[in-house]
There are 2 protein chains.
Amino acid sequence: MTSDQATDIQRRMYNFIVHYMKTERMPPTNREIGRELQIASTGHVDYHLNMLEKKGLISRQPKKSRGIKLIKTVTGIPVMGSIAAGQPLEISRDPEQMIDVGREMEHDNTYALIVKGRSMIEDHICDGDYVVIKPQDTCNNGDIVVAVHLQEGMSGSATLKRFFQEKDHDRVRLQPANSELEPILIPRSEWDEEWKVQGKVVAIFRQCRAA
Amino acid sequence: MTSDQATDIQRRMYNFIVHYMKTERMPPTNREIGRELQIASTGHVDYHLNMLEKKGLISRQPKKSRGIKLIKTVTGIPVMGSIAAGQPLEISRDPEQMIDVGREMEHDNTYALIVKGRSMIEDHICDGDYVVIKPQDTCNNGDIVVAVHLQEGMSGSATLKRFFQEKDHDRVRLQPANSELEPILIPRSEWDEEWKVQGKVVAIFRQCRAA
DNA sequence: ATTAGTTTTGAAAGGCTGTTCTATTTTTGT
DNA sequence: ACAAAAATAGAACAGCCTTTCAAAACTAAT
């Protein structure tokens with residue numbers, strides 16, 4: 001039995017526990033779980049909690065009120081893959097890795113990407129750094145953004161660049177922070193059709209590996 | 001009534017709640033609090049919890065088991081001040097700011113400092129970055145460390161540098177990551193007497209200000 | 001259709017928990 | 001020394017909570 005084989009109700013139960021713990025900062029009681037999932041019997045909740053424990057998703061502390069602990073870390077934001085200038089963005093649906101970046105940033109669908117290469121090195125974003133992305137359609141001039149190139153038949157490739165709207169040239173410039181690399185210039189007409197802003201970098205996190 | 005005027009037992013009670021929540025990931029029950037602080041009566045615990053609520057340190061959810069919430073954020077690590085190459089390190093005893101950097105780093109007495117200036121710019125550590133410091137006496141060659149210069153009558157000034165032990169010259173070199181700045185060279189004999197390593201940088205965190 | 005396994009209900013037992021009340025002791029300020 | 005305020009103990013209550021049990025409903029496979 002693995003965690004994959006969780007019933008629909010068990011998955012909903014687990015999700016509720018995660019959500020409850022995030023908002024309430026304590027685990028829910030069996031009754032609260034039952035109320036949420038419209039389960040009539042507390043024994044029934046107990047039954048599925050035992051299933052979740054057997055499947056390795058939670059651990060239980062017998063006799064203790066709210067005696068539920070999550071096995072996996074669910075704080076922080078998901079690391080959705082890696083990104084490099086020009087190369088496609090790999091996104092995993094169910095990211096196994098999570099990273100804590102402070103509660104203020106845990107809004108909405110904020111996520112993290114691992115930077116590959118030195119394309120943003122002059123902005124002091126290094127290979128291996130985590131960039132925290134806040135999803136949004138629009139951005140200001142000079143923001144570091146994840147820009148997606150929409151291509152027929154493909155899910156689109158993404159790149160990390162600084163965004164500049166050049167009114168005098170009637171185009172958008174996606175500028176890498178590396179003088180060896182060229183900016184991408186997109187005529188205003190093609191923007192919005194072939195490109196869009198996926199999100200904006202709000203923080204950078206670097207772990208120093210042990211020497 | 002402010003949080004400053006907390007009795008000794010109330011302070012211990014609050015500290016226990018904080019500690020319990022960190023380790024157990026849920027608030028303690030009144031009885032668990034009483035057991036820890038050797039309070040015989042649950043009514044007595046209730047009394048002091050009300051005091052703590054009145055003093056603005058916690059909030060209580062009536063009738064709910066473990067119905068305690070902390071008002072201040074206590075996750076993450078404390079920001080103990082700021083540091084710049086050559087300039088003294090300001091350390092506040094009771095840091096008001098906290099920063100989340102992931103639970104793996106919340107060990108021991110790990111803390112954060114705010115970097116001032118561009119002395120480590122070539123290592124891509126910028127003005128305003130947070131550096132996460134893990135306290136330790138020793139370090140390896142090439143580690144970025146907080147080095148403290150012990151001075152008579154002063155609490156000592158600290159600086160952020162790369163550490164190199166130069167065996168052939170029989171000295172220690174504290175190297176800034178800025179070619180405009182000179183390294184500090186300390187004869188082996190003076191090291192350990194006038195200098196010590198306070199801790200080592202294990203992570204860097206940068207918040208991108210909104211444009 | 002039958003059977004085995006799983007899911008759901010209802011009820012009840014017994015321990016835990018927050019709360020309240022009264023009385024007693026200790027501390028504090030005058 | 002005295003009075004007021006704060007701290008502590010003990011007991012008791014009602015509601016909450018987990019756990020258990022027996023029985024019923026449902027599902028899937030044969």
Side-chain angles (χ1 to χ4, degrees), chain A residues 1-21 23-71, chain B residues 1-21 23-71:
Chain A
M1 288 228 190
T2 76
S3 59
D4 302 332
Q5 307 169 290
T7 306
D8 175 63
I9 194 172
Q10 283 161 20
R11 206 167 359 253
R12 281 193 295 139
M13 188 174 288
Y14 180 78
N15 288 339
F16 172 67
I17 295 169
V18 171
H19 178 260
Y20 188 101
M21 290 188 69
T23 56
E24 300 297 321
R25 307 241 158 262
M26 68 174 91
T29 65
N30 295 10
R31 279 167 159 68
E32 287 168 334
I33 295 171
R35 206 176 307 143
E36 174 70 17
L37 303 195
Q38 301 178 11
I39 292 174
S41 160
T42 60
H44 188 191
V45 174
D46 186 66
Y47 169 77
H48 281 302
L49 285 177
N50 276 327
M51 291 298 121
L52 285 175
E53 184 170 36
K54 203 171 289 178
K55 293 173 184 179
L57 288 164
I58 65 172
S59 73
R60 304 185 69 189
Q61 297 159 282
K63 312 277 185 185
K64 271 196 169 187
S65 70
R66 304 176 188 274
I68 300 173
K69 272 183 179 168
L70 298 175
I71 297 294
Chain B
M1 288 229 190
T2 74
S3 58
D4 303 330
Q5 310 167 284
T7 305
D8 174 63
I9 194 173
Q10 281 161 22
R11 205 167 1 250
R12 281 194 295 139
M13 188 173 287
Y14 180 77
N15 289 339
F16 172 68
I17 296 170
V18 171
H19 179 259
Y20 189 100
M21 290 188 70
T23 56
E24 300 296 322
R25 308 240 158 260
M26 68 174 91
T29 65
N30 294 11
R31 282 177 163 80
E32 285 169 335
I33 294 172
R35 207 175 307 142
E36 173 70 18
L37 303 194
Q38 300 178 11
I39 291 174
S41 161
T42 59
H44 188 191
V45 174
D46 186 67
Y47 169 76
H48 281 303
L49 285 178
N50 276 328
M51 292 298 122
L52 285 176
E53 184 171 35
K54 203 171 288 176
K55 292 173 183 179
L57 288 165
I58 65 171
S59 72
R60 305 186 71 189
Q61 296 160 282
K63 312 275 185 185
K64 269 196 169 186
S65 70
R66 305 176 188 273
I68 299 173
K69 272 184 179 167
L70 298 175
I71 297 294

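Basis for what follows: all heavy atoms, side chains included, without hydrogens, waters or symmetry-related copies. Order of the sequence lines fixes the chain letters, A, B, ..., with proteins taken first and strands second; residue numbering starts at 1 for each chain.
Distance, B:Ile68 CD1 to C:dT19 P: 9 Å, rounded to whole Å. The nearest whole Å value for the distance from the CG atom in A:Asp8 to the P atom in D:dT27 is 13 Å. A straight line from NE2 of B:His44 to C1' of C:dC21 spans 16 Å, rounded to a whole angstrom. One can place CE of B:Met51 at 14 Å from P of C:dT19, the figure rounded to the nearest angstrom. Atom-to-atom, CZ of B:Arg31 to C1' of C:dG15 comes out at 10 Å; the value is rounded to the nearest Å. One can place CG of A:Asn30 at 12 Å from P of D:dT20, the figure rounded to the nearest angstrom. Here the P atom of nucleotide C:dT8 and the CD atom of A:Gln38 are 13 Å apart, to the nearest Å. The separation between B:Lys63 atom NZ and D:dC16 atom C1' is 11 Å, rounded to whole Å.
Applying the 4.0 Å criterion to OP1 and OP2 of C:dT6, one finds that A:His48 has every side-chain N and O outside that range.
Within 4.0 Å (heavy atoms only), A:Ser41 reaches at least one base atom of the nucleic acid.
Side-chain atoms of A:Arg60 and A:Asn50 include a donor-acceptor pair closer than 3.5 Å.
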Please lay out, stage by stage, how B:Met26 and A:Arg25 fare under the test side-chain contact (heavy atoms from CB on, under 4.5 Å). CA-CA 7 Å; B:Met26 68 174 91; A:Arg25 307 241 158 262; over 6 Å; no
Between B:Glu24 and A:Lys69, does the salt bridge (charged side-chain N to carboxylate O under 4.0 Å, His left out) criterion hold? Intermediate values first, please. CA-CA 8 Å; B:Glu24 300 296 322; A:Lys69 272 183 179 168; 3.4 Å; yes
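The 5' end of DNA chain C is approached more closely, in terms of each residue's nearest nucleotide, by B:Arg35 than by the other of B:Tyr47 and B:Arg35.
Side-chain proximity of A:Ser65 to the nucleotides D:dT8, D:dC17, D:dT19 is greatest for D:dC17.
Taking every heavy atom of both residues into account, B:Ser65 and A:Thr29 meet most closely at OG-CG2, 4.3 Å. Considering every non-hydrogen atom in both B:Ile9 and B:Leu37, the closest pair reads O-CD1, 4.0 Å.
Between the side chain of B:Thr42 and the base of C:dT19, a donor-acceptor pair under 3.5 Å is found. A donor N or O paired with an acceptor N or O is not found under 3.5 Å between the base of C:dG18 and the side-chain atoms of B:Arg60.
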